[in-house]
Undergrad: 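Below you'll find the structure I mean.
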There are 2 protein chains.
Amino acid sequence: MKEPNSPDSPLADLCRQRGLKLTGQRRTIAFVLSDSDDHPDVEELYRRAVEVDPRISIATVYRTVRLFEENGILQRRDFGGGRARYEVADGDHGDHYHLIDADTGKVIEFENTELDSLLEGIVRQMGYDLVTTRLSVVGRRKAKTRTRD
Amino acid sequence: MKEPNSPDSPLADLCRQRGLKLTGQRRTIAFVLSDSDDHPDVEELYRRAVEVDPRISIATVYRTVRLFEENGILQRRDFGGGRARYEVADGDHGDHYHLIDADTGKVIEFENTELDSLLEGIVRQMGYDLVTTRLSVVGRRKAKTRTRD
DNA sequence: ATTGCAAATGATAATCTTTCTCATTATCAC
DNA sequence: GTGATAATGAGAAAGATTATCATTTGCAAT
């Protein structure tokens with residue numbers, strides 16, 4: 001058993017900060033998410049959560065992921081493929097963006113402050129405050145410059 | 001009955017250009033799409049298509065929309081809400097982007113050449129050729145400058 | 001620490017969107 | 001016009017997500 005003061009994951013702390021009841025399952029899912037630096041779908045999150053606590057239900061993963069999204073802890077992404085994928089939400093500063101390899105489907109993250117401020121400016125000029133940016137560029141790997149064969 | 005030389009919709013022509021068999025249903029769906037300047041989902045497209053030709057099936061709408069997407073005639077969009085939405089694909093020049101009102105869900109289109117070239121450049125620097133850009137910024141209508149109440 | 005209550009969970013049914021199946025029909029080249 | 005081939009319609013099936021409801025749990029007040 002853990003002692004009451006054992007350190008929680010960053011996301012579990014966020015969860016508490018938002019006034020959400022911190023159940024064992026939420027603690028587990030928060031830990032799994034804090035531990036992930038990719039973009040898992042619910043099925044994959046469930047798989048990882050079960051490794052930590054085998055008596056967790058996939059229904060709870062769906063519920064928790066939705067709850068976390070509503071509270072700005074998670075962001076839902078759609079990279080095609082029919083299932084939603086999730087990642088920890090960015091802070092207030094700069095969002096990050098995704099480049100998707102057209103052939104392999106691989107997701108590559110990138111940041112760009114020039115892009116941040118350009119978008120910010122465009123949206124402001126249209127009379128809005130920017131809340132979130134969802135940007136994925138699909139690209140195809142360039143042929144090498146010295147393609148001779 | 002239409003004469004064989006009756007003018008087809010721009011999308012129907014595109015359809016023929018791509019070597020796709022131009023059936024009555026595809027002609028209808030192409031017409032409906034050419035006629036739409038919003039972002040209908042399949043259900044909505046089906047509704048509009050039935051007004052033109054009542055004996056069309058929703059399965060065919062699903063099939064056609066997928067076919068058109070695979071052939072670069074349509075682009076699939078995800079604005080949340082669980083269902084895919086479609087719009088006519090942009091030409092080779094500049095993509096267009098979407099601003100989504102956080103409160104109403106309303107979709108506002110915009111273009112920006114500076115954004116076009118910035119993205120192009122970023123992707124190139126990462127070693128890729130840009131294929132498509134999927135960008136939606138979620139924004140909240142700014143409070144008026146003279147908010148006093 | 002114990003109690004009580006509101007909220008969360010598990011298991012599964014239900015829903016919703018999209019794809020598949022297969023018998024029938026239509027397209028297009030000849 | 002004919003025929004081979006592909007497209008369609010109607011409904012079943014699949015896949016992802018949400019709802020249901022009896023049971024369990026977290027947490028605040030005692």
Side-chain angles (χ1 to χ4, degrees), chain A residues 1-6 8 12-13 15-30 32 39-47 49-50 52-71 73-74 76-86, chain B residues 1-6 8 12-13 15-30 32 39-47 49-50 52-71 73-74 76-86:
Chain A
M1 314 261 167
K2 281 182 185 179
E3 306 132 64
N5 289 7
S6 77
D8 272 326
D13 288 335
C15 187
R16 206 185 282 113
Q17 276 174 40
R18 306 283 157 103
L20 302 175
K21 192 184 280 190
L22 192 53
T23 67
Q25 289 85 336
R26 289 182 185 169
R27 201 187 309 260
T28 298
I29 294 168
V32 166
H39 314 84
D41 57 30
V42 171
E43 206 80 35
E44 177 60 29
L45 279 177
Y46 173 61
R47 245 173 268 133
V50 163
V52 180
D53 174 4
R55 62 194 180 143
I56 210 165
S57 154
I58 191 160
T60 298
V61 181
Y62 270 105
R63 273 189 289 243
T64 303
V65 130
R66 183 151 49 114
L67 180 76
F68 283 4
E69 196 204 352
E70 284 163 357
N71 285 79
I73 297 174
L74 281 186
R76 188 201 307 233
R77 301 291 182 188
D78 169 58
F79 298 137
R83 43 232 282 174
R85 296 168 67 174
Y86 291 87
Chain B
M1 313 256 171
K2 282 184 185 176
E3 308 133 62
N5 290 8
S6 78
D8 273 325
D13 289 335
C15 189
R16 206 185 282 115
Q17 276 173 39
R18 305 283 157 106
L20 302 174
K21 194 183 279 191
L22 192 53
T23 67
Q25 287 88 336
R26 289 182 187 170
R27 203 187 307 261
T28 298
I29 295 167
V32 166
H39 314 84
D41 58 30
V42 170
E43 207 79 35
E44 178 61 29
L45 278 177
Y46 173 60
R47 246 173 267 132
V50 163
V52 180
D53 175 4
R55 63 190 178 146
I56 210 166
S57 155
I58 192 162
T60 298
V61 181
Y62 271 105
R63 274 189 287 241
T64 303
V65 129
R66 185 150 49 112
L67 180 76
F68 282 4
E69 198 205 351
E70 286 164 356
N71 285 80
I73 296 173
L74 282 186
R76 187 200 309 230
R77 300 290 183 191
D78 170 57
F79 298 137
R83 43 230 283 172
R85 296 168 68 174
Y86 291 88

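The structure presented is a predicted model; accordingly, all values stated were derived computationally and were not measured. Just so we're on the same page: letters track the sequence lines, and every chain starts at 1.
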Undergrad: With nearest nucleotides of DNA chain D determined for A:R55 and A:D41 from heavy-atom distances, which residue corresponds to the more 5′ nucleotide?
TA: A:D41
Undergrad: Would the distance check show the side chain of B:R77 and the main-chain N or O of B:H39 forming a donor-acceptor pair, the cut-off being under 3.5 Å?
TA: no
Undergrad: Please report, rounded to the nearest Å, how far the P atom of C:dA29 is from the CZ atom of B:R16.
TA: 11 Å
Undergrad: Can you tell me how far apart CG (B:L74) and CD1 (B:I29) are? Round to the nearest 0.5 Å.
TA: 9.5 Å
Undergrad: State the OG1-OH distance between A:T64 and A:Y86, to the nearest 0.5 angstrom.
TA: 11.0 Å
Undergrad: Provide, to the nearest angstrom, the distance between the CG atom belonging to A:L45 and the P atom belonging to D:dA16.
TA: 14 Å
Undergrad: Tell me which of B:K21 and B:E43 sits closer to the 5' end of DNA chain C, going by the nucleotide each one is nearest to.
TA: B:E43
Undergrad: Calculate the interatomic distance between B:I29 atom CD1 and D:dG9 atom C1'; express it in whole Å.
TA: 13 Å
Undergrad: Hey, does the side chain of A:Q25 come within less than 4.0 Å of C:dG10's phosphate (OP1/OP2), counting only N and O?
TA: yes
Undergrad: Of the nucleotides C:dT27, C:dT18, C:dG10, which has the atom closest to the B:A84 side chain?
TA: C:dT18
Undergrad: Any side-chain N or O of B:R83 below 4.0 angstrom from OP1/OP2 of C:dT18?
TA: no
Undergrad: In whole angstrom, give the distance that lies between atom CD1 of A:I58 and atom C1' of D:dA19.
TA: 15 Å
Undergrad: Please tell me which of the listed nucleotides, C:dG10, C:dT17, C:dC28, lies nearest to the side chain of B:Y62?
TA: C:dT17
Undergrad: What about A:R63: does its side chain form a donor-acceptor pair under 3.5 Å with the base of C:dG10?
TA: yes
Undergrad: Taking the side chain of A:T60 as its heavy atoms from C-beta onward, which of D:dA19, C:dT9, D:dG9 lies nearest to it?
TA: C:dT9
Undergrad: How long is the line joining CG of B:D78 and C1' of D:dA16, in whole Å?
TA: 14 Å
Undergrad: Would B:E44 and B:R47 pass as an ion pair if we require N to O under 4.0 Å?
TA: yes
Undergrad: Taking CD from B:E70 and P from D:dA7, how many angstroms apart are they, rounded to a whole number?
TA: 11 Å
Undergrad: Looking only at side-chain N and O atoms, does B:T23 come under 4.0 Å of OP1 or OP2 in D:dT8?
TA: yes
Undergrad: For A:D78, is there an ion pair with A:R76 - N to carboxylate O distance below 4.0 angstrom?
TA: no
Undergrad: Quick one: A:R66 CZ to D:dT17 C1', roughly how many Å, whole number?
TA: 8 Å
Undergrad: Tell me the interatomic distance from A:R27, atom CZ, to C:dA8, atom C1', rounded to whole angstroms.
TA: 14 Å
